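What follows is a short report on a single structure.
Note that the coordinates shown come from a computational prediction; the quantities given were computed from them, not determined experimentally. Numbered from 1 within each chain, the chains take letters A, B, ... in sequence-line order.
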2 protein chains.
Amino acid sequence: MAASKERITIQDIAEQSGVSISTVSRVLSGNAGVTEPKRQAVLAAVDKLDYRPNLFAQGLASGQSMSIGVMTQNFGSAFYDAILRGIIAGVEKSNYSPLFADGRWRTDIERRALQTLLNRRVDALILLGTQLDSDDLLDLKKQMPLVIVSRSVAGLEQNCLVVDNYKASFQATTHLLDRGHQHIAHITGALSESNVLRDGAQRLAGYQDALRKAGIEPSPKLVVEGSFRSQSGLLAIETLLTRGKPFSAIFAANDQMATGARLGLYRRGIRVPDDVSLIGFDDQPHSAYMTPPLTTVRQPAEEMGLMAAQAVLNQLQGKPFALPMVSAELIVRESVKHIY
Amino acid sequence: MAASKERITIQDIAEQSGVSISTVSRVLSGNAGVTEPKRQAVLAAVDKLDYRPNLFAQGLASGQSMSIGVMTQNFGSAFYDAILRGIIAGVEKSNYSPLFADGRWRTDIERRALQTLLNRRVDALILLGTQLDSDDLLDLKKQMPLVIVSRSVAGLEQNCLVVDNYKASFQATTHLLDRGHQHIAHITGALSESNVLRDGAQRLAGYQDALRKAGIEPSPKLVVEGSFRSQSGLLAIETLLTRGKPFSAIFAANDQMATGARLGLYRRGIRVPDDVSLIGFDDQPHSAYMTPPLTTVRQPAEEMGLMAAQAVLNQLQGKPFALPMVSAELIVRESVKHIY
DNA sequence: CGAGAAGTTGAAAGCGTTTTCACAATAATA
DNA sequence: TATTATTGTGAAAACGCTTTCAACTTCTCG
């Protein structure tokens with residue numbers, strides 16, 4: 001565990017095993033032939049002295065940092081954190097290690113964080129829900145392997161890993177319809193924020209189209225714009241109630257807002273699911289423990305992280321890679337009532 | 001934004017400003033006198049060419065990486081993530097940048113992750129709830145500035161930042177007593193896990209002593225050991241109910257278990273707080289949105305991160321530093337009923 | 001058996017900084 | 001004014017690795 005007193009270098013290994021440092025470097029990097037006996041000798045020395053190459057020296061000499069920059073938007077977001085875990089797992093068995101940064105959903109902060117990553121000479125980049133504009137992204141893409149998760153960028157479709165929000169949302173709404181609900185409200189995610197977060201818009205579209213397909217014309221009175229935050233879910237209930245148009249179910253564009261909505265209903269003494277049914281989106285860890293447990297749409301976040309990591313690794317090795325559109329899955333729990 | 005085509009080096013700056021690279025280095029690092037005109041010239045060149053020193057070269061030459069290793073135990077834990085955010089904020093204005101790793105509460109994984117950090121030559125370390133044994137930690141402490149958050153280690157008291165679990169727990173229990181509760185159950189955190197997670201034990205002690213102080217002998221039948229996970233909170237309700245000893249309130253050692261317990265009560269048709277009152281610990285973001293909103297103990301996680309960062313930065317500069325025991329605060333919401 | 005191809009190897013040249021060293025220039029002291 | 005400190009400065013030596021280059025072996029094949 002403890003690093004030895006004196007830093008040992010490639011020179012030490014060379015002496016210990018009676019070869020030149022070039023040879024040591026070669027056996028360690030593996031990209032050149034070395035006769036077996038020398039190879040063994042070097043390996044033995046490495047093992048004996050517990051040698052660990054100096055990454056700075058390696059980086060300086062080779063121009064590679066053996067690290068992959070990963071930009072999240074918020075440490076603490078259940079969805080993104082799960083992706084992070086997936087990325088860690090995916091990168092684990094490679095020689096690369098991830099370098100994290102947090103954009104905190106603010107373009108200026110993200111740009112600064114990106115600079116830090118770039119300064120550290122990351123060899124590749126994984127961007128989660130980035131706010132950067134497409135020009136910057138296209139530029140980055142030219143410089144190094146790139147994967148963008150949870151946002152699709154025109155011209156970079158190859159490099160984007162997104163879930164089919166529309167379809168998932170369509171399904172969730174259909175689930176409600178199948179259970180006999182006719183008057184279904186929707187709390188949207190943030191809609192306006194320029195190019196970002198179009199997740200919200202896609203989910204809204206899925207909801208509307210599902211309704212139409214069932215022969216129901218979506219009513220503007222039943223959709224209220226949220227911000228993906230719990231608070232906005234709470235507020236949405238007030239708005240909905242004030243508008244006075246009755247509804248028997250609510251589909252929230254994410255679990256946080258569903259949670260907020262749930263509290264709003266509780267405050268008004270409206271029972272879930274007896275009086276109003278509720279569906280969320282994301283399947284946050286705690287959603288399974290809500291009262292009642294929340295029916296929601298699960299995005300395979302961890303798997304997505306894994307896929308992103310794999311794709312980046314493949315690019316790094318010049319191998320082909322593909323990022324299919326991943327589909328989400330409805331998790332049926334107890335927040336939806338069957339109406340007869 | 002985009003890095004220029006050709007990497008520009010200190011050499012370019014030297015030429016552009018008509019001085020030697022030594023001088024450039026000096027004005028940039030600031031630790032040697034340079035006459036004002038040259039200084040200005042260099043700065044101008046740096047600005048003009050948008051020069052950014054190569055961190056590898058710097059690291060190699062100076063032996064410093066200008067990075068601080070930060071080990072968390074789980075991306076996705078509300079408490080730890082908040083600390084992470086605090087650390088980021090605290091380190092932001094310095095020249096250092098954080099390097100994150102995830103120990104996932106598994107000693108072997110943590111050791112490996114630590115090695116990665118060490119290989120990257122971090123200049124200092126912040127360890128959150130580490131599982132490493134004290135010998136390793138003492139060893140690390142000798143090598144570099146170190147701050148350990150949320151765990152106290154014998155011989156390293158100076159370097160540990162912990163919250164007063166005992167006191168907070170005592171207060172939470174007292175709150176229940178003050179509201180007239182006599183039969184208070186406790187769902188503990190993980191107790192047995194060797195040296196780690198003694199948070200659980202401290203919270204248990206606080207609970208017991210508060211009871212005793214009120215003249216109530218704590219009953220073993222009312223405490224059930226949990227694991228800090230939601231699931232164990234759910235199970236605990238079953239255990240408690242099976243034991244048959246009545247209780248009017250539950251104090252869970254964290255919010256996750258409180259959430260689990262809440263679901264358990266819901267399943268049994270036991271109302272909160274009408275039939276049973278509930279208190280948690282941690283004040284997770286979503287706890288404010290539970291039904292009913294959960295009374296809980298808030299640890300100032302983000303502030304703790306800030307303090308940890310500051311302490312590490314001070315150490316790095318050879319300045320004195322201190323890590324006071326931070327105290328938690330009871331957040332009264334709606335999950336506790338006043339019994340008359 | 002001999003010529004060229006292929007495989008091994010060490011010396012040495014970077015990679016882009018920081019830092020030591022020696023020297024020159026300036027300021028302070030006598 | 002002559003000496004001695006003090007500063008400011010560039011050349012050059014690290015820092016620890018990768019990679020090119022050239023030399024030397026060892027194969028292959030006609």
With nearest nucleotide decided by heavy atoms, which residue, K38(B) or A61(B), maps closer to the 5′ end of DNA chain D?
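Between the two, 5'-proximity favours K38(B).
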In whole angstrom, give the distance that lies between atom [atom1] of [X] and atom [atom2] of [N].
X	N	atom1	atom2	answer
F56(A)	dT18(C)	CZ	P	13 Å
D12(A)	dC17(D)	CG	C1'	13 Å
I21(B)	dT18(C)	CD1	C1'	9 Å
L28(A)	dT19(D)	CG	P	13 Å
N54(A)	dG16(C)	CG	P	16 Å
L55(A)	dC15(D)	CG	C1'	14 Å

What's the closest nucleotide to the [X] side chain, out of [options]?
X	options	value
L60(A)	dT17(C), dC15(C), dA11(D)	dC15(C)
V34(B)	dT18(D), dG10(D), dT9(D)	dT9(D)
S62(A)	dT19(D), dT17(C), dG10(D)	dT19(D)
T35(B)	dT9(C), dG8(D), dG10(C)	dG8(D)
T23(A)	dG10(D), dC17(D), dG10(C)	dG10(C)

Under 4.5 Å between any side-chain heavy atoms of Q131(A) and W105(A), yes or no?
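Yes, close enough: below the 4.5 Å cut-off.
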Min side-chain heavy-atom separation Q310(A)-N314(A) under 4.5 Å
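Touching, per the 4.5 Å side-chain cut-off.
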Checking all strands, does S25(A) fall into the base, sugar-phosphate, or nothing category for heavy-atom contacts under 4.0 angstrom?
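The residue S25(A) makes base contact.
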Need one value for S22(A): base, sugar-phosphate or nothing, where a base atom within 4.0 Å counts as base even if backbone is also close, heavy atoms only.
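If one applies the 4.0 Å heavy-atom cut-off, S22(A) turns out to touch a base.
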Under 4.0 Å between a side-chain nitrogen and a carboxylate oxygen: does that hold for R151(A) and D199(A)?
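Judged by the 4.0 Å cut-off on N to carboxylate O distance, R151(A) and D199(A) do not form a salt bridge.
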Give a yes or no on whether a donor-acceptor pair under 3.5 Å exists between the nucleobase atoms of dG10(D), that is its base, and the side chain of R26(B).
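Such a pair is found, so the answer is yes.
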Atom CG of N95(A): over 12 foreign heavy atoms under 6.0 Å
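No - once you tally the heavy atoms of other residues, nucleotides and ligands closer than 6.0 Å, there are 12 at most.
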Any donor-acceptor N/O pair, Q16(B) side chain to A45(B) backbone, under 3.5 Å:
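Checking the backbone N and O of A45(B) against the side chain of Q16(B), no donor-acceptor pair under 3.5 Å is found.
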